[in-house]
Amino acid sequence: MITPEKQVLNELTTADSVFLPVGFIDLEATLDGGQAFRWWRQQDGAYRGVVGRRVVTIIEADGGLLIRPADGKDSSGLGRSLSDYLGQDQDLDGFRARFADDPCLGPALRGYSGLRVLRQDPWECLFSFICSSTSNIPRIKLNVGAVAEMLGFLIGPDSHDVTFPEPEAIAECGEQFLRDLGLGFRAKYLVPAAEAVASGELNLSVLREAPYAEARNALTELHGVGEKVADCVLAFSLDKPESFIVDRHILRALHRWYDVPEKASLTYAANWARDYFGEHAALANQYMFHRERLARRATEWGGAHISRALPEDGR
DNA sequence: GTCCAGGGTGAAA
DNA sequence: TTTCACCCTGGA
């Protein structure tokens with residue numbers, strides 16, 4: 001297994017770009033598939049977004065990714081930062097080997113191997129998934145983007161090139177401000193969550209080190225954070241590869257492929273999946289969710305998509 | 001123009 | 001355990 005340190009040593013770094021030899025990563029599925037909400041596809045196919053306090057573009061290149069700074073600064077530090085963000089220390093090889101023959105994940109792994117679980121900033125991730133309640137990806141992007149552009153710092157030439165606002169800024173702007181931006185009833189959850197993080201009452205950095213159950217309990221203390229939202233934050237920003245996110249689509253998949261009872265509660269299903277997939281639960285979850293998404297689209301589009309995406313799928 | 005669903009949560013029954 | 005209100009945007 002390649003460690004992040006070795007990968008950084010392997011980078012080809014110049015002043016205006018960094019090559020990350022990370023193999024194939026499906027940028028659309030990974031950056032714009034419901035894990036993160038502030039990536040924008042440029043006309044040249046590159047994805048542009050903010051990681052930390054840097055604006056970058058990412059484009060698929062032979063054997064890896066080409067990272068370019070888009071904020072006028074040089075590329076120093078971007079290799080490490082992006083390698084970290086893209087989840088390079090996760091056990092993808094172990095996951096692939098273990099589930100190669102799995103009826104659901106096997107075909108998914110052969111069909112689209114480039115899906116990764118991101119390692120995002122915990123505060124932005126928490127904010128985003130509180131916004132996700134009874135929403136959809138286009139709207140979440142709209143909401144999170146609007147808040148960022150109103151309250152974040154501009155760090156590049158494009159209007160999207162803004163840092164995510166600190167919790168203090170969200171706490172100060174107030175509920176009505178967020179409602180006026182179109183956040184709806186979620187506004188009444190977001191301000192107290194921001195206050196908890198700003199005051200230190202909720203320390204997200206500490207939760208990165210904490211055991212899964214403890215971190216999950218701490219998150220669900222927040223109003224507006226139930227089990228689903230907590231598991232999103234745990235998987236996508238708090239280093240908890242054993243978290244598993246259950247919605248109605250995933251529940252249907254668990255029933256179809258693993259005989260989990262059709263009418264099982266979301267809590268039961270999540271517990272079952274964490275037990276079954278163990279340390280690979282979050283990865284399994286993403287591949288399963290992506291498969292369900294493609295299957296839904298295939299139905300909507302008349303079935304043309306699924307044969308390409310899932311060449312060895314028997315159904 | 002209307003209708004409806006969208007990777008939920010919390011409170012009340 | 002089940003039901004329902006909560007906001008509002010985009011697509012059918």
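Throughout, a chain's letter reflects where its sequence line sits, starting with A, and its residues are numbered from 1.
A distance of about 23 Å separates the P atoms of C:dC4 and B:dG7, rounded to the whole Å. Nucleotides B:dA12 and C:dC7, compared at atom P, are 15 Å apart to the nearest Å.
Atom P of nucleotide C:dC6 and atom CG of A:Leu190 are separated by 18 Å, given to the nearest angstrom. To the nearest angstrom, P of C:dT2 lies 11 Å from CG of A:Leu266. Atom-to-atom, CD1 of A:Ile130 to C1' of C:dC7 comes out at 16 Å; the value is rounded to the nearest Å. As rounded to whole Å, 18 Å separates atom P of C:dA5 from atom NE2 of A:His223.
Contacts of A:Val246 with the nucleic acid, taken as non-hydrogen atoms under 4.0 Å apart, are absent.
Taking a pair as Watson-Crick or G-U wobble with both distances under 3.5 Å, DNA chain B forms stems of 3 or more consecutive pairs at B:2-6 with C:8-12, B:8-13 with C:1-6.
Between A:Gly224 and A:Cys232, the one whose closest nucleotide on DNA chain B sits nearer the 5' end is A:Cys232.
Phosphate proximity of C:dC7 to A:Lys188: present, with a side-chain N or O under 4.0 Å from OP1 or OP2. For C:dC7, the OP1/OP2 oxygens have a side-chain nitrogen or oxygen of A:Arg179 closer than 4.0 Å.
Residue pairs meeting the salt bridge (Lys or Arg N to Asp or Glu O under 4.0 Å) criterion with at least one partner in residues 120-129 of chain A, sequence neighbours excluded, are A:Arg38-A:Glu124.
The aromatic rings of A:Phe37 and A:Phe129 lie perpendicular to each other, with more than 60° between the two planes, well past the 30° mark. Under the 30°/60° scheme for interplanar angles, the aromatic rings of A:Tyr189 and A:His223 are found to stand perpendicular.
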Report, one line per pair, each donor and acceptor closer than 3.5 Å where one atom sits in a side chain of residues 190-200 of chain A; sequence neighbours left out.
from     : atom 1 : to       : atom 2 : distance (Å)
A:Ser199 : OG     : A:Glu195 : O      : 3.1
A:Ser199 : OG     : A:Ala196 : O      : 3.2
A:Ser199 : OG     : A:Glu201 : N      : 3.2

Side-chain donor/acceptor pairs under 3.5 Å, residues 261-270 of chain A, sequence neighbours excluded:
from     : atom 1 : to       : atom 2 : distance (Å)
A:Ser265 : OG     : A:Tyr268 : N      : 3.0
A:Thr267 : OG1    : A:Glu227 : OE1    : 2.9
A:Thr267 : OG1    : A:Glu227 : OE2    : 3.4

Table please: side-chain donor-acceptor pairs of residues 228-235 of chain A below 3.5 Å, with sequence neighbours left out.
from     : atom 1 : to       : atom 2 : distance (Å)
A:Asp231 : OD1    : A:Tyr212 : OH     : 2.7
A:Asp231 : OD2    : A:Arg216 : NE     : 3.2
A:Asp231 : OD2    : A:Arg216 : NH2    : 3.0

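Ring centroid separation for the pair A:Tyr276 and A:Phe244 does not come in under the 6.0 Å cut-off.
A salt bridge links A:Glu166 with A:Arg53; the closest basic N to acidic carboxylate O contact falls under 4.0 Å.
A donor and an acceptor atom never sit less than 3.5 Å apart when one is taken from the side chain of A:Arg186 and the other from the base of C:dC6.
In this structure, A:Arg68 places its CZ atom where only 12 or fewer heavy-atom neighbours from other residues, nucleotides or ligands lie under 6.0 Å away.
The aromatic ring of A:Phe185 does not stack onto the base of C:dC7, failing the criterion of a centre distance under 5.5 Å from the six-membered base ring together with planes under 30° apart.
Along DNA chain B, the stretch of nucleotides lying under 4.0 Å from any heavy atom of chain A spans, 5' to 3', B:dG6 to B:dA11.
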